[in-house]
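Counting starts at 1 for both ligands and their atoms, following the listed order. Numbers here are sequence positions counted from 1. The analysis underlying the following values was restricted to heavy atoms, covering all of them including side chains, and did not include hydrogens, waters or symmetry mates.
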Amino acid sequence: MRAVVLWCSGLLLSFLTVCVCLERDCVLGVVGRPVSLPCSLSPPPTLANVTIEWRRDEDVVLRSEWTQDGGQVDGWSVNGASIVTEAALTGNMSLQLDTVQPSEDTEYYGLFMVSGENHTSLCSVCLRAAASFSLPLLQREEAEQGDETAFLCHSSGGFPEPSVYWLINNTEEPPGGSVFTLAASLPDSPLYNVTSHLKVNISKDANVSCAIENPTMNQTLTSTSYGVKADTVIGRASQAMWIFSTALCVVVGVMVIVGVAYQINLDRVSKRKKKEYHQYMSRRPKRRPSCEEETKAMKPRSRETDV
Ligand SMILES: *[C@@H]1O[C@H](CO)[C@@H](O)[C@H](O)[C@H]1NC(C)=O
Ligand SMILES: *[C@@H]1O[C@H](CO)[C@@H](O)[C@H](O)[C@H]1NC(C)=O
Ligand SMILES: *[C@@H]1O[C@H](CO)[C@@H](O)[C@H](O)[C@H]1NC(C)=O
Ligand SMILES: *[C@@H]1O[C@H](CO)[C@@H](O)[C@H](O)[C@H]1NC(C)=O
Ligand SMILES: *[C@@H]1O[C@H](CO)[C@@H](O)[C@H](O)[C@H]1NC(C)=O
Ligand SMILES: *[C@@H]1O[C@H](CO)[C@@H](O)[C@H](O)[C@H]1NC(C)=O
């Protein structure tokens with residue numbers, strides 16, 4: 001029985017020191033944001049009077065000492081680094097960092113158990129800092145003279161410095177010497193703005209793409225400037241024609257309806273007048289009224305010609 005317990009605890013200890021610490025994949029931290037560096041000790045270290053240290057390379061960033069019942073005795077940290085208070089009980093020793101600091105290189109963080117001079121490594125985690133760039137803004141300036149077209153590609157707020165690629169018609173790389181790229185770090189932050197210029201002799205219908213690649217983020221952002229094609233112009237023109245002709249149809253339709261309604265009304269009035277006229281005619285001689293009608297009809301016409 002005692003042998004089994006011993007064997008078990010020996011197994012657990014070896015687990016503690018070897019197996020748990022194989023987390024070698026890098027954690028991606030976004031610059032300026034908090035991050036958690038995972039480290040889970042299973043089972044939790046129930047040894048009495050444990051002191052643990054989280055280190056970045058050689059520098060201690062957090063130190064904590066526990067009594068046998070898991071209560072914290074003493075501890076301190078730098079730059080707001082922390083671990084959960086019940087870490088000794090749960091074995092969740094993950095290190096929380098308030099803000100990820102920009103660093104071009106991968107940083108290694110290690111958790112150690114300290115007893116006297118001896119340090120036992122419990123966890124090792126690598127951290128890569130990065131930040132997303134904005135979708136690039138691509139501007140095209142047709143040359144006023146000559147064949148050269150200038151392009152400007154701008155993206156902001158990323159980390160680390162990105163690579164900028166240009167493509168003409170999705171396949172061709174621009175000729176050497178036609179690209180000029182400048183990445184500037186922002187004055188009040190570690191992030192970068194990047195601006196790239198391209199000057200090439202291309203036709204007006206060529207498509208030009210600018211890609212901002214941030215390999216740390218595994219992110220490539222692309223913007224494309226589409227060339228002016230003859231058929232797109234026709235397309236736009238025919239669309240305008242469509243709108244115009246539809247509007248024209250509506251206007252003409254309305255006019256026709258109004259005209260017909262007016263005509264119907266006019267017919268009704270003239271019918272009534274005719275009726276009255278016939279009634280009138282049945283009582284009067286024929287010649288005089290027709291003459292009167294003619295002069296009445298003549299009057300507006302003469303007024304029109306005056307105007
Ligand atoms: C733990 O530390 C306390 C005070 O520092 C001490 O009295 C106690 O004996 C220690 N326990 C063990 C198991 O070392
Ligand atoms: C450990 O604690 C951190 C912070 O509270 C949490 O984000 C993480 O999910 C925990 N990990 C485990 C395995 O419980
Ligand atoms: C440190 O470890 C060595 C061997 O690994 C051991 O002989 C020594 O007693 C340990 N010292 C302390 C203070 O635990
Ligand atoms: C960086 O880019 C942003 C967005 O385009 C702009 O507002 C800011 O002024 C730029 N900063 C520098 C230093 O170029
Ligand atoms: C672009 O074309 C003009 C005239 O066609 C020529 O003078 C100029 O050198 C060309 N530029 C490039 C970069 O090829
Ligand atoms: C990078 O992103 C692509 C697609 O977004 C994905 O297929 C690939 O697995 C990612 N690679 C890594 C290393 O995350």
For Glu53, check side-chain hydrogen bond (donor to acceptor under 3.5 Å, both in side chains) against everything at least two apart and list the hits.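 For Glu53 the side-chain hydrogen bond (donor to acceptor under 3.5 Å, both in side chains) partners, ignoring immediate neighbours, are Arg55, Arg63.
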Residue list, side-chain hydrogen bond (donor to acceptor under 3.5 Å, both in side chains) with Thr195, at least two apart or on another chain: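 Listed in chain order: His154.
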Classify the side-chain pair Ser94/Asn92 by whether it contains a donor and acceptor separated by less than 3.5 Å.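 On atom types as modelled, these side chains qualify, holding a pair under 3.5 Å.
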List, for ligand 2, each N/O atom that has a protein N/O partner under 3.5 Å away, with both atom names and the distance.
unit_1: ligand 2; atom_1: 2 (O); unit_2: Asn92; atom_2: OD1; d: 3.4
unit_1: ligand 2; atom_1: 2 (O); unit_2: Asn92; atom_2: ND2; d: 2.4
unit_1: ligand 2; atom_1: 11 (N); unit_2: Asn92; atom_2: ND2; d: 2.9
unit_1: ligand 2; atom_1: 14 (O); unit_2: Asn92; atom_2: ND2; d: 3.3

Can you sort out which atoms of ligand 4 are near Leu186, meaning under 4.0 Å from one of its heavy atoms?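 Here the atoms of ligand 4 in question are 1 (C), 11 (N), 12 (C), 13 (C).
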Any idea which atoms of ligand 4 are less than 4.0 Å away from a heavy-atom of Ser156?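 Answer for ligand 4: 2 (O), 3 (C), 4 (C).
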Scan for side chain to side chain donor-acceptor pair (under 3.5 Å) pairs involving residues 162-179, sequence neighbours excluded, and state none if there are none.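 Checked against side chain to side chain donor-acceptor pair (under 3.5 Å) - neighbours excluded - the pairs reaching residues 162-179 are Tyr165-Glu213, Trp166-Ser196.
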Determine whether a donor-acceptor pair (N or O, by modelled atom type, separation under 3.5 Å) exists between the side chain of Ser36 and the backbone of Gln96.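 Judged by distance alone, no pair lies under 3.5 Å.
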At a non-hydrogen distance cut-off of under 4.0 Å, which region of Leu137 contacts ligand 4 (side chain, backbone, both, or neither)?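 None of Leu137 does.
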When rounded to the nearest 0.5 angstrom, what distance separates CG in Leu97 from CG in Leu127?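 The distance works out to 7.0 Å.
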According to the interplanar angle, ranging from 0 to 90°, do the rings of His119 and Phe112 count as parallel (below 30°), tilted (30 to 60°) or perpendicular (above 60°)?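 Taking Phe112 first and then His119, their aromatic rings stand perpendicular (interplane angle over 60°).
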